[in-house]
Amino acid sequence: FGKRFAKRFGVAANTHSALGYVALRVLVDALQRARSTEGLAIRNALMATKDFQAVQGPPGTKVVFDEIGGAHFKIGLSVVKDGKRVLLPYE
């Protein structure tokens, strides 16, 4: 995702661009599964989203919605150490 984003837009991808990309893809997926523009149908399709592939987090990170509509997925954290960005281990 990061390489394609930078090539297309001329700037490095960040957390916000990755989250926005995944949010839009989740919505499009739900709309296709709902086969309707009715709000309740879209909501139900969103809530039924399971294991949607994310572009952020460790390889294989999937988005899953809980029973109240919260989206859960792993996301990384980095720190600057000795002037260099260091990615912390995923837990």
Side-chain angles (χ1 to χ4, degrees):
F1 171 78
K3 289 177 185 175
R4 290 189 334 258
F5 186 92
K7 183 177 179 181
R8 181 167 183 184
F9 298 108
V11 296
N14 60 33
T15 300
H16 301 291
S17 54
L19 290 173
Y21 177 78
V22 171
L24 182 60
R25 293 210 43 233
V26 166
L27 177 60
V28 168
D29 176 70
L31 286 167
Q32 290 171 337
R33 287 183 289 110
R35 295 184 175 186
S36 171
T37 56
E38 180 185 298
L40 189 56
I42 296 168
R43 177 202 154 296
N44 291 341
L46 281 168
M47 294 292 286
T49 299
K50 301 282 187 242
D51 298 329
F52 192 90
Q53 184 67 47
V55 296
Q56 74 278 17
T61 296
K62 309 261 178 154
V63 177
V64 178
F65 286 85
D66 64 22
E67 64 279 353
I68 62 169
H72 299 272
F73 52 90
K74 292 182 179 181
I75 192 161
L77 180 65
S78 61
V79 295
V80 176
K81 186 175 183 180
D82 298 324
K84 294 183 181 177
R85 189 179 127 188
V86 177
L87 188 62
L88 299 176
Y90 292 98
E91 295 182 21

- Closest non-hydrogen atom pair, F1 against A13: CE2-CB, 3.7 Å
- Task: Search all heavy atoms of A54 against all heavy atoms of V22 and return the closest pair with its distance.
- Result: CA-CG2, 4.0 Å
- Message: Distance check, rounded to the nearest 0.5 Å: K62 atom NZ versus T49 atom OG1?
- Response: 13.0 Å
- What is the distance from atom CG of N14 to atom CZ of F5, rounded to the nearest 0.5 Å? 6.5 Å
- Item | Neighbour count >12 (heavy atoms, 6.0 Å) for atom NZ, K84 | no
- With a cutoff of under 4.5 Å between side-chain heavy atoms, which Ile, Leu, Val, Met, Phe, Trp and Tyr residues group with V28? L24
- Message: Listing request: all side chain to side chain donor-acceptor pair (under 3.5 Å) pairs with a residue in residues 20-30, at least two apart in sequence or in separate chains.
- Response: D29-R33
Less than 3.5 Å apart, which donor and acceptor atoms pair up between the side chains of residues 35-47 and the rest of the protein, not counting sequence neighbours?
from: S36; atom 1: OG; to: E38; atom 2: N; distance (Å): 2.9
from: N44; atom 1: ND2; to: L40; atom 2: O; distance (Å): 3.3

